[in-house]
Amino acid sequence: DVQLVESGGGSVQAGGSLRLSCAASGYTYSSICMGWFRQAPGKERTGVAKIVSEDESTSYIDSVKGRFTISKDKADNILYLQMSNLKPEDTAVYYCAAARCFIWDGLRLRDEAFAYWGQGTQVTVS
């Protein structure tokens with residue numbers, strides 16, 4: 001089975017930085033695209049960043065461009081999200097997700113049931 005285990009959340013003051021990690025196991029990495037989603041209280045879960053396995057191209061929602069960087073360590077199968085200049089509106093539970101690339105539609109998933117999800121990690125910016 002595919003497993004995604006996240007770490008790295010926490011509390012930080014506005015302007016600070018955090019790095020989220022997502023350790024992946026149980027699949028052939030090259031065949032899956034991975035990304036980060038977040039869900040703020042009372043809001044829907046939304047895509048934040050994505051990385052395409054084949055060409056390592058990345059995409060971001062406008063509100064995090066220039067502040068967040070998604071990357072991956074192929075050797076260790078770890079997905080990262082480096083977050084800088086954090087703002088209170090970045091406060092949310094962050095989830096990593098993995099799905100075959102054709103399941104993705106930009107930063108959305110055509111059907112979340114076909115994705116694998118991490119357990120979520122809280123990021124609080126005050």
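As the structure is a prediction and not an experimental result, all values here were calculated from the model.
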Are [X] and [Y] close enough that some pair of their side-chain heavy atoms sits under 4.5 Å apart?
X      : Y      : value
Glu6   : Leu20  : no
Ile51  : Leu79  : yes
Thr124 : Val12  : no
Lys50  : Trp36  : no
Tyr80  : Thr69  : no
Gln82  : Arg67  : no
Leu81  : Phe68  : yes
Ser11  : Ser126 : no

Checklist entry - Between Leu107 and Val48, does a side-chain contact (heavy atoms from CB on, under 4.5 Å) hold up when you go through it step by step? => result CA-CA 7 Å; Leu107 287 171; Val48 174; over 6 Å; no
Item to check | Lys/Arg N to Asp/Glu carboxylate O, Arg108 vs Asp105, below 4.0 Å | outcome: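 Yes, Arg108 and Asp105 are salt-bridged.
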Shortest non-hydrogen contact from [X] to [Y]?
X     : Y     : answer
Ser63 : Arg38 : OG-NH2, 3.6 Å
Asp90 : Val64 : OD1-CG1, 4.5 Å
Tyr60 : Ala49 : CD2-CB, 3.6 Å
Cys33 : Ser53 : SG-N, 3.9 Å

Item to check | Cluster overlap Leu109 with Phe114, hydrophobic side-chain contacts below 4.5 Å | outcome: yes
Checklist entry - Are Ile78 and Val52 co-members of a hydrophobic cluster defined by side-chain heavy atoms under 4.5 Å apart? => result no
Next on the checklist: Heavy-atom count check: over 12 atoms from other residues, nucleotides or ligands less than 6.0 Å from Glu44 CD?
Outcome noted: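 Atom CD in Glu44 is not packed in, count stays at 12 or less.
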Checklist entry - When you look at CD of Gln3, are more than 12 heavy atoms from neighbouring residues, nucleotides or ligands closer to it than 6.0 Å? => result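 Counting other residues, nucleotides and ligands, CD of Gln3 stays at 12 neighbours or fewer.
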Checklist entry - About how many Å separate CD of Glu54 and CD1 of Ile32, when rounded to the nearest 0.5 Å? => result 12.0 Å
Next on the checklist: Using 0.5 Å steps for rounding, measure from the SG atom of Cys22 to the CG atom of Asn77.
Outcome noted: 10.0 Å
Checklist entry - Hey, mind stepping through Met34 and Leu4 against side-chain contact (heavy atoms from CB on, under 4.5 Å) and telling me if it holds? => result CA-CA 11 Å; Met34 300 185 73; Leu4 303 176; 4.0 Å; yes
Checklist outcome for this item: Sequence neighbours excluded, the answer for salt bridge (charged side-chain N to carboxylate O under 4.0 Å, His left out) partners of Lys65 is Asp62
Checklist entry - Going through the distances and angles, do Leu18 and Leu86 end up as a side-chain contact (heavy atoms from CB on, under 4.5 Å)? => result CA-CA 8 Å; Leu18 284 173; Leu86 282 160; 4.1 Å; yes
Next on the checklist: Looking at Tyr95, I'd like to know if the NZ or CZ of Arg45 sits under 6.0 Å from its six-membered ring centre while staying within 45 degrees of the ring's axis.
Outcome noted: yes
Checklist entry - Looking only at atom types and distance, does a side-chain atom of Thr91 sit under 3.5 Å from a main-chain N or O of Val125, one as donor and one as acceptor? => result yes
Next on the checklist: Please determine whether side-chain contact (heavy atoms from CB on, under 4.5 Å) holds for the pair Gln122 and Tyr94, giving the CA-CA distance in whole Å, both sets of side-chain angles, and the decisive distance to 0.1 Å.
Outcome noted: CA-CA 6 Å; Gln122 177 70 47; Tyr94 283 71; over 6 Å; no
Next on the checklist: Please tell me whether Trp117 and Phe37 form a close aromatic pair, meaning their ring centres lie under 6.0 Å apart.
Outcome noted: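 Yes, the ring of Trp117 comes within the 6.0 Å limit of the ring of Phe37, centre to centre.
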